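Numbers here are sequence positions counted from 1. Since the model is a prediction, treat every value here as computed from it, not as a measurement.
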Amino acid sequence: MITFYIWCCDPTHLPIPAEKPGTMRSSLTLAGTLWAFLSLVTAVASSTSYFLPYWLFGSQLGKPVSFSTFRRCNYPVRGEGQSLIMVEECGRYASFNAIPSLAWQMCTVVTGAGCALLLLVALAAVLGCCMEELISRMMGRYMGAAQFVGGLLISSGCALYPLGWNSPEIMQTCGNVSNQFQLGTCRLGWAYYCAGGGAAAAMLICTWLSCFAGRHPKPVMLVENIMRNTNSYAMELDHCLKP
């Protein structure tokens, strides 16, 4: 009888109530769901723009030419008779040192780091939509801070980009009149604006929404779980102690 009483009073022997099958709870609020969606959009927009060679448009030997930080479309080569001909294809530079200027090399590293950071936060935010207790209120704010840093890195890359317009390769494409912050006959492409816009949205909108993304702080969720389990234990104990 004593053994049976100890067994009934020991909560470790009682079953823990399980969640209903087929239910999936999110760790994000409604604002958090919007934050996750915008985080994914800004990360994809910035990262896609980073890899596409459409930051700068110009012309050379009568052919259109476009650049990003580490890629280029259409470039001149020596043909027969030492004449220059344009090869109409896109590709990246053969090595990091082959990037036309130091400013563009720095832009490549800084912007790439910012895009990687935004992608990591966006992935965690999307997982938070279908996993309970993954993102707390405080964790969401930390992720928002990471997004701010990522957007700041991409914005810094966009600011560094015009510093490379005085390199010989760019000047040949821009009518030999380009200089730092002076495009000459060239023009900025849509990918440059898309990268900058994605960075600005991540810094301003996503960082603000992240403050309200988490459903509850972790301590509150822990107390709720303890109270829910305690009620179940009390019902089991009452059933065991009845004669």
### Query
If you round to the nearest 0.5 Å, how far is OG1 of Thr207 from CZ of Arg141?
13.0 Å

### Partner residues of Tyr75 under the side-chain hydrogen bond (donor to acceptor under 3.5 Å, both in side chains) criterion, sequence neighbours left out
Glu89

### Within-4.5 Å side-chain heavy-atom neighbours: Cys186 and Thr173
yes

#### Entry: Qualifying ring-ring contact (aromatic ring centres under 6.0 Å, His included) pairs, either residue in residues 104-137, two or more places apart
Phe67-Trp104, Trp104-Tyr161

### Task
Tell me who clusters with Tyr54, hydrophobic residues only, linked when side chains sit under 4.5 Å apart either directly or through other members.
Leu52, Phe57, Trp190

### Message
Which heavy atom of Thr111 sits nearest to which heavy atom of Tyr50, and what is that distance?
### Response
CG2-CD1, 3.5 Å

### Query
So among Val65, Thr185, Asn179, which one has a side chain to side chain contact (heavy atoms under 4.5 Å, CB included) with Cys174?
Thr185

### Task
Look at atom CG of Leu61 and say whether more than 12 heavy atoms of other residues, nucleotides or ligands are closer to it than 6.0 Å.
yes

### Step-by-step side chain to side chain donor-acceptor pair (under 3.5 Å) determination, Ser101 to Ser167
CA-CA 6 Å; Ser101 67; Ser167 66; 5.1 Å; no

### Task
Taking the side chain as every heavy atom from C-beta outward, state whether Leu188 and Trp55 have any pair of such atoms under 4.5 Å apart.
no

### Query
Given side chains that start at C-beta, do those of Leu28 and Cys129 come closer than 4.5 Å, heavy atoms only?
yes

### Query
Can you find a pair of side-chain heavy atoms, one from Met86 and one from Pro76, that are under 4.5 Å apart?
yes

### Summary
For Met171 and Asn166 the tightest heavy-atom approach is SD-O, 3.4 Å

Identify every side-chain donor-acceptor pair in residues 142-160 under 3.5 Å, counting partners at least two apart or on other chains, and give the distances.
| residue | atom | partner | partner atom | Å |
| --- | --- | --- | --- | --- |
| Gln147 | OE1 | Trp35 | NE1 | 2.8 |
| Gln147 | NE2 | Ser39 | OG | 2.7 |
| Ser155 | OG | Gly151 | O | 2.8 |
| Ser156 | OG | Leu152 | O | 2.8 |

### Considering all heavy atoms, the nearest Thr42-Gly198 contact
CB-O, 3.8 Å

### Message
To check you understand the geometry: which heavy-atom pair defines the closest contact between Ala124 and Ile135, and what is its length?
### Response
O-CD1, 3.6 Å

#### Entry: Fellow cluster residues of Val126, listed by chain then number, with links counted only when side-chain atoms sit under 4.5 Å apart
Leu40, Val44

### Summary
Shortest non-hydrogen pair, Ser46 vs Cys115, comes out as O-SG, 3.6 Å

### Query
Above 12 or not: heavy atoms from other molecules or residues under 6.0 Å from CE of Met203?
yes

For a quick test of your reading: what N or O donor-acceptor pairs under 3.5 Å do the side chains of residues 90-99 make, sequence neighbours left out?
| residue | atom | partner | partner atom | Å |
| --- | --- | --- | --- | --- |
| Tyr93 | OH | Glu169 | OE2 | 2.9 |
| Ser95 | OG | Ala98 | N | 3.4 |

